[in-house]
Amino acid sequence: MRARRALATSCGTLVVNDKGELLLCHVTHTAKWDIPKGMQDPGESTLEAAIRELREEAGIGFEPARFEDLGCFDYRPDKRLHLYRVAAGDALGRLGALACTSFYPDPHTGVLTPEVDGYRWAARGEIARLCWPRMGQRVLALDW
């Protein structure tokens, strides 16, 4: 019997406002939006990874006690998805103050480019249209 290879884990946060809307980040150079998430680093807990990714992709910091663990889910054949939820209420105010500090080299120019270039609140009915299908299905299957 072959040993099952451990899958990489992407950790993310569903940030929900007092209207029940979900914070989405616009993925640079795409037409799609996503939740703030990213890969868990070696030695990092899933909560630590979710907190770090939220800070890097949106410049948001919440106390760890505010993160509700929603669990780990099958996501792709090569990746699992561990999600948390934070009830932000009206704490974020205007989204124009949010900023991404995580960059990648543009594949064509080599210029460092932010992973995220915009933010918005989305109602449940908008998720399927705005997000990639796999993420939309996962998020819509959860109670947030």
Side-chain angles (χ1 to χ4, degrees), residues 5-144:
R5 186 174 61 97
L7 295 179
T9 302
S10 181
C11 303
T13 306
L14 305 183
V15 179
V16 182
N17 69 12
D18 57 355
K19 296 177 187 173
E21 298 168 318
L22 186 64
L23 177 68
L24 294 179
C25 305
H26 184 258
V27 182
T28 304
H29 298 307
T30 75
K32 297 299 182 182
W33 296 77
D34 203 353
I35 63 167
K37 67 172 178 34
M39 298 308 296
Q40 180 181 16
D41 289 339
E44 191 175 45
S45 72
T46 58
L47 177 58
E48 290 167 336
I51 289 171
R52 175 181 50 75
E53 289 293 337
L54 184 57
R55 186 180 58 252
E56 288 176 359
E57 293 190 355
I60 301 170
F62 291 106
E63 291 297 316
R66 292 188 62 183
F67 287 73
E68 175 189 354
D69 191 340
L70 298 177
C72 194
F73 306 92
D74 290 331
Y75 187 56
R76 294 185 345 200
D78 64 334
K79 185 187 299 187
R80 303 216 4 109
L81 181 65
H82 199 118
L83 295 176
Y84 291 85
R85 177 186 183 274
V86 170
D90 63 359
L92 295 182
R94 297 174 51 91
L95 297 182
L98 302 186
C100 180
T101 59
S102 180
F103 295 82
Y104 69 93
D106 181 279
H108 303 293
T109 66
V111 173
L112 286 180
T113 305
E115 289 183 43
V116 170
D117 64 5
Y119 306 91
R120 65 166 290 159
W121 293 110
R124 185 172 282 275
E126 299 174 294
I127 298 298
R129 174 178 56 84
L130 295 170
C131 296
W132 279 289
R134 185 177 287 122
M135 180 55 70
Q137 290 169 356
R138 170 47 43 215
V139 168
L140 290 173
L142 297 170
D143 181 26
W144 42 273

Checklist entry - Which heavy-atom pair separates A49 from Q40 by the least distance, and what is that distance? => result CB-CA, 3.9 Å
Item to check | Short N-O contact, E126 and R129, less than 4.0 angstrom | outcome: yes
Checklist entry - What distance separates E48 CD from C11 SG, expressed to the nearest 0.5 Å? => result 10.0 Å
Checklist entry - Does anything in residues 9-20 pair up under side-chain hydrogen bond (donor to acceptor under 3.5 Å, both in side chains), and if so which pairs, sequence neighbours excluded? => result N17-E21
Item to check | Charged tip of R138 within 45° of W132 ring normal and under 6.0 Å | outcome: no
Checklist outcome for this item: Closest non-hydrogen contact found for A88 with F62 is CB-CZ, 3.8 Å
Item to check | Distance-only polar pair, side chains of S102 and E115, donor-acceptor under 3.5 Å | outcome: yes
Next on the checklist: Which residue is it: L24, I127, L81? I am looking for the one with a side chain to side chain contact (heavy atoms under 4.5 Å, CB included) to M135.
Outcome noted: L81
Checklist entry - Once you round to the nearest 0.5 Å, how far does CD of E57 lie from CD1 of I35? => result 9.0 Å
Checklist entry - Nearest heavy-atom pair of F67 and Y84: which atoms, and what distance? => result CD2-CB, 3.9 Å
Checklist entry - Nearest 0.5 Å, what's the NE2-CG distance between H108 and D106? => result 6.0 Å
Checklist entry - What are the two closest heavy atoms between D143 and R124, and how far apart are they? => result CA-NH2, 4.1 Å
Checklist entry - Have H26 and D34 got a donor and an acceptor in their side chains that come within less than 3.5 Å? => result no
Checklist entry - Do W121 and L95 come within less than 4.5 Å of each other through their side chains, counting heavy atoms only? => result yes
Item to check | Test side-chain hydrogen bond (donor to acceptor under 3.5 Å, both in side chains) applied to D69 and H82, step by step | outcome: CA-CA 8 Å; D69 191 340; H82 199 118; 2.9 Å; yes
Checklist entry - Is it true that R52 and D41 make a salt bridge, defined as a side-chain N closer than 4.0 Å to a carboxylate O? => result yes
Next on the checklist: Would you compute the distance between atom CG of L14 and atom CG of L23 and round it to the nearest 0.5 angstrom?
Outcome noted: 10.0 Å
Next on the checklist: Measuring from atom CG of L83 to atom NZ of K37, what distance do you get when rounded to the nearest 0.5 angstrom?
Outcome noted: 9.5 Å
Checklist outcome for this item: Rounded to the nearest 0.5 angstrom, the SG-CG distance for C72 and L7 is 8.5 Å
Item to check | Considering all heavy atoms, the nearest C25-V116 contact | outcome: CB-CG1, 3.5 Å
Next on the checklist: Within the 4.5 Å heavy-atom criterion, are D74 and R80 side-chain neighbours or not?
Outcome noted: yes
Checklist entry - Heavy atoms, side chains only, cut-off 4.5 Å: are V86 and V16 in contact? => result no
Next on the checklist: Strictly distance-based, threshold 3.5 Å: is any side-chain N or O of R66 a donor or acceptor partner for the main-chain N or O of A87?
Outcome noted: yes
Checklist entry - What are the two closest non-hydrogen atoms of G20 and W144, and how far apart are they? => result O-CZ3, 3.1 Å
